[in-house]
Amino acid sequence: DAKTTQPNSMESNEEEPVHLPCNHSTISGTDYIHWYRQLPSQGPEYVIHGLTSNVNNRMASLAIAEDRKSSTLILHRATLRDAAVYYCILRDVGSSASKIIFGSGTRLSIRP
Amino acid sequence: GAGVSQSPRYKVAKRGQDVALRCDPISGHVSLFWYQQALGQGPEFLTYFQNEAQLDKSGLPSDRFFAERPEGSVSTLKIQRTQQEDSAVYLCASSLAMTGTDTQYFGPGTRLTVL
């Protein structure tokens, strides 16, 4: 399975944008890029996913490099509630009901 | 609507005891997954059900771990003769269909502590 690389931790200020990077240099053509996050004492929750084009939803934006070897999750205006571990995950659209392979993720801290 | 629920939320077991962890997936979700999350690490896959069929149990760490989903809805993860290394949070997730990129909805987890 293609793997992802993320920084262990990041820190940001409240109400400022946050850019969380992810490298996936061995991504295959059928891999979607997914982001999940895990708030303290909760299970992971879906944030966003994309294939080639940049994506926006109410939670975040996903910017995907043209060669698809890296991507960035963008939180436009971080709040204290965004403090969590963020996981960048590759999922193969061609497989059936694939398990999620989590890495260690990026622990995001927000300064008030 | 109701999300994925798990019970108990916390379980303390003495080494050697058997435990059973329950997962109630979102109604109508075909796929159900179990993950194990050790302290400070990301969740790791244990097993997967499609309706009542257990299609992948490659992540179960030993034959002391057993999972079932007899009617294709509620699932139980059973751990026999618990060991200290079994201490972890056990997460259950469900998804509506069976494609490789379906969103998985996670429960809050059961924190198991083996003394």
Side-chain angles (χ1 to χ4, degrees), chain A residues 1-9 20 22 24 27-52 55 57-60 62 64 84-108, chain B residues 3-7 9-10 21 23-26 29-51 53-60 67 69 72 88-111:
Chain A
D1 294 322
K3 293 186 177 180
T4 64
T5 304
Q6 301 176 252
N8 289 332
S9 62
L20 296 164
C22 181
H24 28 78
I27 191 170
S28 73
T30 55
D31 282 332
Y32 273 76
I33 302 158
H34 285 241
W35 284 80
Y36 280 70
R37 73 178 185 180
Q38 188 170 22
L39 302 172
S41 300
Q42 295 187 29
E45 63 175 353
Y46 168 81
V47 177
I48 199 167
H49 77 281
L51 183 63
T52 56
V55 184
N57 67 21
R58 63 175 181 81
M59 290 181 69
L62 177 60
I64 301 172
V85 178
Y86 287 77
Y87 297 98
C88 172
I89 297 154
L90 301 182
R91 302 189 69 196
D92 184 357
V93 68
S95 69
S96 60
S98 65
K99 59 195 176 191
I100 294 178
I101 299 175
F102 293 88
S104 299
T106 296
R107 182 173 298 277
L108 175 65
Chain B
V4 177
S5 61
Q6 293 186 245
S7 61
R9 289 294 314 277
Y10 303 91
L21 312 179
C23 172
D24 286 80
I26 294 172
H29 277 197
V30 170
S31 298
L32 186 144
F33 302 80
W34 284 97
Y35 294 84
Q36 180 190 58
Q37 185 170 25
L39 189 64
Q41 298 183 23
E44 293 193 354
F45 170 78
L46 292 177
T47 187
Y48 157 63
F49 290 86
Q50 185 183 109
N51 295 308
Q54 188 175 20
L55 298 187
D56 187 349
K57 51 183 181 180
S58 62
L60 296 176
R69 194 186 184 198
V89 174
Y90 291 86
L91 295 161
C92 175
S94 68
S95 64
L96 182 59
M98 299 172 288
T99 65
T101 59
D102 277 347
T103 296
Q104 292 186 17
Y105 297 87
F106 285 80
T110 295
R111 181 177 296 278

Between B:Tyr48 and B:Gln50, a side-chain donor and acceptor under 3.5 Å = yes
Main-chain N/O of A:Cys88 paired to A:Thr4 side chain as donor or acceptor, under 3.5 Å | yes
Taking everything shown except B:Tyr105 itself, do over 12 heavy atoms lie less than 6.0 Å from its OH?
-> no
Bottom line for A:Ser41: the part with an atom under 4.5 Å from chain B's heavy atoms is backbone
Choice from B:Gln37, B:Arg111, B:Glu44 maximising heavy atom contacts with chain A below 4.5 Å = B:Gln37
With chain B, the option among A:Gly43, A:Gly103, A:Pro44 that has the most non-hydrogen atom pairs under 4.5 Å is A:Pro44
Which one of B:Leu55, B:Leu91, B:Thr103 has the most heavy-atom pairs closer than 4.5 Å to chain A?
-> B:Thr103
Let me know if A:Ile100 has heavy atoms under 4.5 Å from chain B in its side chain, its backbone, both or neither.
-> both
Quickly, which of A:Tyr36, A:Tyr46, A:Phe102 forms a ring-ring contact (aromatic ring centres under 6.0 Å, His included) with A:Tyr87? Name it, please.
-> A:Phe102
Would you check if the side chain of A:Arg91 reaches a backbone N or O of B:Asp102 as a donor-acceptor pair within less than 3.5 Å?
-> yes
